[in-house]
Amino acid sequence: ATSNNNCVASYSQAVTVHPNPVVQFSATSVCDGVPVSFTNQSSITSGQINSFTWNFGDNTTATLPGPIHTYAADGTYNITLTATSNFNCVNAASGNAVVYPKPAVQFAAQPVCFGFGTSFTNQSAITSGQITSYAWTFGDNTTGAGATPTHQYAAAGNYNVSLSATSNFNCSNNSSGIVTVYEKPVAGFVITQLTACTQTVAFINASHVNGGTIAANNWDFGNGGTATSQNAFENYAGSGSYNVQLITTSNNGCKDTILQPLTISPLPTAAFAANNACFNSMTTFTNVSSVSTGSVINCNWQFGDGTISA
């Protein structure tokens with residue numbers, strides 16, 4: 001310092017400039033529902049860092065050096081870490097934490113009849129990224145892959161099916177549901193004829209189904225005639241071979257078909273010739289009876305005078 005009389009004096013004192021903390025951190029990228037781990041890489045050249053304040057970008061904070069935080073939803077969050085030294089020097093740094101979405105997994109499958117494949121409709125979606133793989137568990141100790149598989153079950157019943165979907169960020173989710181395979185009816189009937197030549201035939205329905213009821217019967221008698229009754233009768237116009245078909249439908253719309261042959265034998269045509277003879281002379285009878293299919297194997301004669309012969 002210099003006075004107005006040009007007198008000079010001086011004074012000196014040491015001044016210490018304390019460093020600010022060097023703030024740095026990293027955060028793991030996770031799938032929705034998984035905690036984010038924060039690694040604190042902050043340092044200081046002299047002194048020490050006394051406190052940390054984290055702002056997680058979702059209106060929540062923490063003061064731990066290396067916290068773990070679970071976000072309520074997927075998204076990209078801007079994180080701020082503030083560090084304060086023992087000399088009350090403050091510094092801050094910001095960075096992002098990414099929470100990837102899980103797939104929303106959903107599927108549907110219509111009930112089918114036994115013997116048919118079950119087709120699965122995949123309704124899964126994801127809000128960002130893409131679904132890269134699917135894994136199915138069909139509930140019968142078999143598995144499958146692909147977005148929309150078809151699976152044929154070895155037996156009727158209810159099956160608990162599970163679908164797992166994985167995204168390109170390796171985030172997975174799953175869903176399950178019940179798939180139904182209906183029992184198939186067993187069509188059957190008994191043909192009843194008084195004799196092989198009888199042209200009026202009865203058909204006794206022996207169809208059945210497990211876990212349901214028979215809802216409809218459709219008969220085709222092989223001669224152009226049809227019926228929808230449970231049991232049926234048909235009057236055939238003539239002899240011949242016919243294929244009789246019954247289609248049975250259950251209350252779940254499942255069908256079974258049976259085909260049985262029916263043979264109606266032709267009636268023989270009885271005929272004979274006889275010579276004219278004098279009293280006490282022998283009359284000769286010639287049997288000229290015939291049948292269109294097969295052969296005549298038995299004849300019974302009545303001679304008109306009370307006597308018979310076979």
Side-chain angles (χ1 to χ4, degrees), residues 105-123 134-163 175-265:
V105 181
Q106 189 173 359
F107 67 90
Q110 294 297 318
V112 298
C113 301
F114 175 66
F116 291 88
T118 299
S119 296
F120 293 88
T121 301
N122 196 332
Q123 301 163 329
Y134 296 97
W136 298 82
T137 301
F138 294 118
D140 60 352
N141 296 320
T142 63
T143 59
T148 55
T150 297
H151 181 67
Q152 186 162 332
Y153 289 92
N158 294 319
Y159 295 90
N160 188 8
V161 178
S162 177
L163 170 61
S175 179
S176 61
I178 300 298
V179 169
T180 300
V181 178
Y182 294 129
E183 289 277 5
K184 182 180 178 182
V186 178
F189 62 90
V190 177
I191 300 174
T192 301
Q193 292 174 271
L194 292 178
T195 69
C197 306
T198 303
Q199 294 180 347
T200 299
V201 182
F203 301 94
I204 308 303
N205 197 331
S207 304
H208 64 278
V209 62
N210 294 327
T213 58
I214 301 298
N217 298 282
N218 294 93
W219 297 89
D220 184 336
F221 300 116
N223 63 345
T226 60
T228 57
S229 56
Q230 180 179 356
N231 302 306
F233 295 87
E234 180 67 3
N235 187 25
Y236 288 85
S239 61
S241 296
Y242 303 91
N243 287 319
V244 180
Q245 176 180 275
L246 171 61
I247 301 175
T248 299
T249 306
S250 74
N251 60 312
N252 293 316
C254 302
K255 299 178 183 292
D256 190 35
T257 301
I258 187 173
L259 194 69
Q260 290 195 51
L262 168 67
T263 299
I264 298 179
S265 300

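These numbers were taken from a predicted model, which means no experiment stands behind them.
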Subject >> Euclidean distance, Thr248 OG1 relative to Ile258 CD1, rounded to 0.5 Å >> reply: 8.5 Å

Subject >> Close side-chain approach of Gln193 to Ile264, heavy-atom, < 4.5 Å >> reply: yes

**OP:** Would you indicate whether the side-chain heavy atoms of Glu234 and Val244 approach each other to under 4.5 Å?
**Re:** no

**OP:** Verify, without hydrogens or angle tests, whether Asp256 (side chain) and Ala187 (backbone) share a donor-acceptor contact under 3.5 angstrom.
**Re:** yes

Original post:
How far apart are the closest heavy atoms of Ala109 and Thr118, and which atoms are they?
Top reply: CB-CG2, 3.8 Å

**OP:** State the OG1-CZ distance between Thr192 and Phe203, to the nearest 0.5 angstrom.
**Re:** 9.0 Å

**OP:** May I ask you to decide if Gly115's main-chain N or O and Gln152's side chain share a donor-acceptor pair within less than 3.5 Å?
**Re:** yes

Subject >> CG on Leu259 to CG on Asn243, rounded to 0.5 Å >> reply: 4.5 Å

**OP:** State the CD-OG1 distance between Gln106 and Thr121, to the nearest 0.5 angstrom.
**Re:** 11.0 Å

Original post:
Relative to the ring of Tyr236, is the ring of Phe221 parallel (under 30°), tilted (30 to 60°) or perpendicular (over 60°)?
Top reply: perpendicular

Subject >> Pairing residues for Thr143 by the side chain to side chain donor-acceptor pair (under 3.5 Å) criterion, not counting sequence neighbours >> reply: none

Original post:
Can you check whether Asn217 reaches Leu246 side chain to side chain, under 4.5 Å on heavy atoms?
Top reply: yes

Original post:
Atom CG of Asp220 and atom CG of Asn218: how far apart are they, to the nearest 0.5 Å?
Top reply: 9.5 Å

**OP:** Taking the side chain as every heavy atom from C-beta outward, state whether Ser119 and Thr150 have any atom pair closer than 4.5 Å.
**Re:** yes

Original post:
For the residue pair Trp219 and Phe189, does the interplanar ring angle fall in the parallel (under 30°), tilted (30 to 60°) or perpendicular (over 60°) class?
Top reply: perpendicular

**OP:** Tell me, with the steps shown, if Ser250 and Asn252 meet side chain to side chain donor-acceptor pair (under 3.5 Å).
**Re:** CA-CA 5 Å; Ser250 74; Asn252 293 316; 4.8 Å; no

Original post:
Do the ring planes of Phe138 and Phe120 sit parallel (below 30°), tilted (30 to 60°) or perpendicular (above 60°)?
Top reply: tilted

**OP:** Answer yes or no: is there a donor N or O on one side and an acceptor on the other, between the side chain of Ser229 and the main chain of Asn231, under 3.5 Å?
**Re:** yes

**OP:** Compare all side-chain heavy atoms of Tyr159 with those of Thr142 and state whether any distance is below 4.5 angstrom.
**Re:** no

Subject >> Note, Ile214 side chain near His208 side chain (heavy atom, < 4.5 Å) >> reply: no

**OP:** List the atom of Ser239, the atom of Gln199, and the distance in Å for their closest heavy-atom pair.
**Re:** N-NE2, 4.1 Å

Subject >> Nearest heavy atoms of Asn160 and Ser176, plus distance in Å >> reply: OD1-CB, 3.8 Å

Original post:
Looking at CG of Asn158 and OH of Tyr182, how far apart are the two atoms once the value is rounded to the nearest 0.5 Å?
Top reply: 8.5 Å

Original post:
Side chains of Ser241 and Pro261: closer than 4.5 Å at any heavy-atom pair?
Top reply: no

Subject >> Residue pair Phe107 / Val161, side-chain heavy-atom distance below 4.5 Å >> reply: yes

